[in-house]
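Every value quoted in this text rests on a predicted model; they were computed, and no experiment measured them. Start at 1 with the first residue, then count along the sequence.
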Amino acid sequence: MNLFALFQSRFPTDSSRPFLETESGRSLTFDELDQITARYAGLIQSLGAVPGDRVAVQVEKSVESMLLYLACLRAGVVYLPLNSAYRESEIAYFLGDATPTIFVHAPKDTDWIAPICQSLNIAHRFTMDAERKVQAGSGDWDKNAANCPPMVGFVPRDDDDLAAILYTSGTTGRSKGAMLTHLNLSSNALTLHRAWGFQPDDVLLHTLPLFHVHGLFVALNTILLNGGRMIFHTRFDAPAAIAAMQRATVFMGVPTYYTRLLAESSFDAACCAHMRLFVSGSAPMLAETFSEFAARTGHHILERYGMTETGMITSNPYRKSDGERRGGTVGFALPDVEVRIALDDGTIAKTNEIGHIQVKGPNVLSGYWQMPDKTAEEFTNDGFFKTGDMGVVSADGYISIVGRSKDLVISGGYNVYPKEIEMLLDGLDGIAESAVIGLPHPDFGEAVAAVVVKKNGAGLEEPAIIATLKSQLANFKVPKRVFVVDDLPRNAMGKVQKKLLREQYAATFASK
């Protein structure tokens, strides 16, 4: 069924009940949610968008951006969220590949976005202003929606119909659009809602971005299914989050959030007395963070594992009767999700034997947008999706992620694919070749770093290289350090040995 209809079926009968409140004091009732999404969906239809058409959105996190997501579901169109940090060349690629009917963006980016949309013949372009505080929406999307008849009900959708496309980069540097259906999203949300013991009086503290699976499909979808309340912060701020925990019961974050909470001397058990559940994901959590959090607060963080293409795959137990929450692991496969660890030859790994993590279930993407060959390549003959992660299963069934077969860096919960950055570096004057790696970082988990070989006679300066990349890449992809060397270590086959580079520079951020 239409995912919006599923959410709506869980809303309270008293629609005057509050759904969310913001850090600025604004509140939104379920009735207002219904009215605004109906107007937004009405505007989408009035523009001629039909089920299956894409609506691309690159705006800062706001109540309106969240409502636009729900309106896209309601109207049966495909929601395409884009990281607000993406720059010109990145946006041009995504829009050219997805060919959206509608693009909604921040007003401040009009000067460079308008020419892109014109060159790609995107039919409709709107702005959405997230800077507003308490007053009604001020972007021209809202102004147009205010004059549209509201949609009545919702557009029926089948399980296999697309609900969203999320782009995830590949090791070749070309981003892939993961196609997620209404069934993919609804099955995963329902599973998490049950597995994590959501209760009628739960209040979610939402501080995550809304262009990412964690904030959009894990946090938001589960609280919508609960018909519960949400404290909605536009960004994570440790002191503000600690204050809000006095009124919240559930918090979801990336490991970086937890290290920043622990950095606050005032953060202790009393701050968390009202909390029921802390969830962490999007990047591996250090065992010491898990242990320090438990010692400081008495709460054991529930770490889970998922990815853009699959939603959530595994989770540590919520209930004590199902086992302990074990630091350094991601728990067990979720109900209705099959997980296996396969060796290079396809045989199933034994206990404590490292192999490739593969997954099957209703949560797994239907394929990659306009990439049938890549889709076929990423699935096994018996229908398991190859995650690209390496894992191991303990004797008592706990799964641990031990590495990534695809050369991925996860910094602050965001995926960074080295090849994309290396292609830009190799095109810069004075650089003969480059290798991009992830290094341990106490705040971000991993920090992006680059090792470059200079051409003969070239004078390379680290600040200049970083400044150039900042003009071409989202900030989370820009290397925090650039090391200039005479050559890169290689094996007998000529392949760059990034493992040696990671070992050589491992202590770079140790004192940060």
Side-chain angles (χ1 to χ4, degrees), residues 3-23 27-31 33-34 66 70 185-208 213-233 241-253 257-258 261 269-281 293-294 297-306 311-312 314-326 330-337 363:
L3 180 58
F4 179 83
L6 176 61
F7 293 149
Q8 202 171 42
S9 72
R10 301 293 191 94
F11 291 170
T13 53
D14 179 7
S15 62
S16 67
R17 280 180 49 185
F19 168 56
L20 65 76
E21 61 178 87
T22 69
E23 65 262 61
S27 64
L28 187 83
T29 66
F30 282 93
D31 185 53
L33 180 155
D34 180 66
M66 180 269 296
L70 296 177
L185 301 183
S186 63
S187 66
N188 210 224
L190 287 165
T191 294
L192 294 175
H193 186 268
R194 291 191 297 267
W196 293 346
F198 272 83
Q199 301 168 12
D201 59 350
D202 268 329
V203 178
L204 171 71
L205 173 55
H206 195 301
T207 65
L208 290 158
V213 167
H214 197 168
L216 191 61
F217 299 147
V218 180
L220 183 58
N221 284 3
T222 50
I223 199 64
L224 283 162
L225 274 181
N226 205 51
R229 285 199 304 120
M230 179 166 56
I231 300 172
F232 188 86
H233 288 191
I242 291 169
M245 286 176 190
Q246 308 301 316
R247 296 173 291 118
T249 62
V250 179
F251 176 77
M252 301 185 191
Y257 290 5
Y258 289 103
L261 287 171
C271 296
C272 307
H274 198 247
M275 296 296 296
R276 177 178 70 82
L277 178 63
F278 289 94
V279 177
S280 180
F293 195 90
T297 68
H299 284 270
H300 291 84
I301 297 169
L302 186 154
E303 192 171 4
R304 87 301 181 278
Y305 163 61
M312 297 305 101
T314 72
S315 173
N316 265 273
Y318 167 66
R319 299 168 184 84
K320 289 183 179 180
S321 59
D322 294 328
E324 64 176 338
R325 296 178 201 169
R326 188 174 297 175
V330 293
F332 311 107
L334 287 163
D336 301 324
V337 179
N363 55 310

**OP:** Check whether the side chains of Thr222 and Trp196 place a donor and an acceptor atom closer than 3.5 Å, and report yes or no.
**Re:** no

Original post:
Are Asp31 and Thr29 linked by a side-chain donor-acceptor pair shorter than 3.5 Å?
Top reply: no

What is the distance from atom [atom1] of [X] to atom [atom2] of [Y], rounded to the nearest 0.5 Å?
| X | Y | atom1 | atom2 | result |
| --- | --- | --- | --- | --- |
| Leu70 | Leu33 | CG | CG | 5.5 Å |
| Ile223 | Met230 | CD1 | CE | 7.5 Å |
| Gln8 | Leu224 | CD | CG | 11.0 Å |

Report yes if some heavy atom in the side chain of [X] is under 4.5 Å from a heavy atom in the side chain of [Y]; otherwise report no.
| X | Y | value |
| --- | --- | --- |
| Arg247 | Ile231 | yes |
| Tyr305 | Met312 | no |
| His193 | Arg10 | yes |
| Val250 | Leu205 | no |
| Arg17 | Pro12 | yes |

Please check: side-chain N/O of [X] versus main-chain N/O of [Y], any donor-acceptor pairing under 3.5 Å?
| X | Y | value |
| --- | --- | --- |
| His299 | Cys272 | yes |
| Arg304 | Thr314 | no |
| Tyr257 | Ser280 | no |
| Asn363 | Asn188 | no |
| Asn316 | Arg326 | yes |
| Thr297 | Ala269 | no |
| His233 | Thr22 | no |
| Asp202 | Gln199 | yes |
| Arg325 | Glu303 | no |
| His274 | Ala248 | yes |

Subject >> Pairs where residues 219-232 contributes a residue and the test salt bridge (charged side-chain N to carboxylate O under 4.0 Å, His left out) is met, not counting sequence neighbours >> reply: Glu21-Arg229

Original post:
Could you walk me through whether His206 and Leu20 pass the side chain to side chain contact (heavy atoms under 4.5 Å, CB included) check?
Top reply: CA-CA 10 Å; His206 195 301; Leu20 65 76; over 6 Å; no

Tell me the closest heavy-atom pair linking [X] and [Y], and the distance in Å.
| X | Y | value |
| --- | --- | --- |
| Leu302 | Pro317 | CD1-O, 3.7 Å |
| Ala189 | Asn221 | CB-CB, 3.9 Å |
| Leu204 | Ala219 | CD2-O, 3.4 Å |
| Leu261 | Phe293 | CD1-CE1, 4.5 Å |
| Ser186 | Leu6 | CB-CD2, 3.7 Å |
| Met252 | Thr207 | O-OG1, 4.4 Å |

Original post:
Taking the six-membered ring of Phe198, is NZ or CZ of Arg276 closer than 6.0 Å to its centre and within 45° of its axis?
Top reply: yes

Subject >> Worked check of side chain to side chain contact (heavy atoms under 4.5 Å, CB included) between Leu277 and Tyr318 >> reply: CA-CA 8 Å; Leu277 178 63; Tyr318 167 66; 4.0 Å; yes

Original post:
Between Phe11 and Phe30, what is the ring plane arrangement, given parallel below 30°, perpendicular above 60°, and tilted in between?
Top reply: tilted

Original post:
With a 6.0 Å cut-off on ring centres, are Phe232 and Phe19 close enough?
Top reply: no

Original post:
Passes side chain to side chain contact (heavy atoms under 4.5 Å, CB included), Val218 versus Leu192? Steps please.
Top reply: CA-CA 8 Å; Val218 180; Leu192 294 175; 3.9 Å; yes

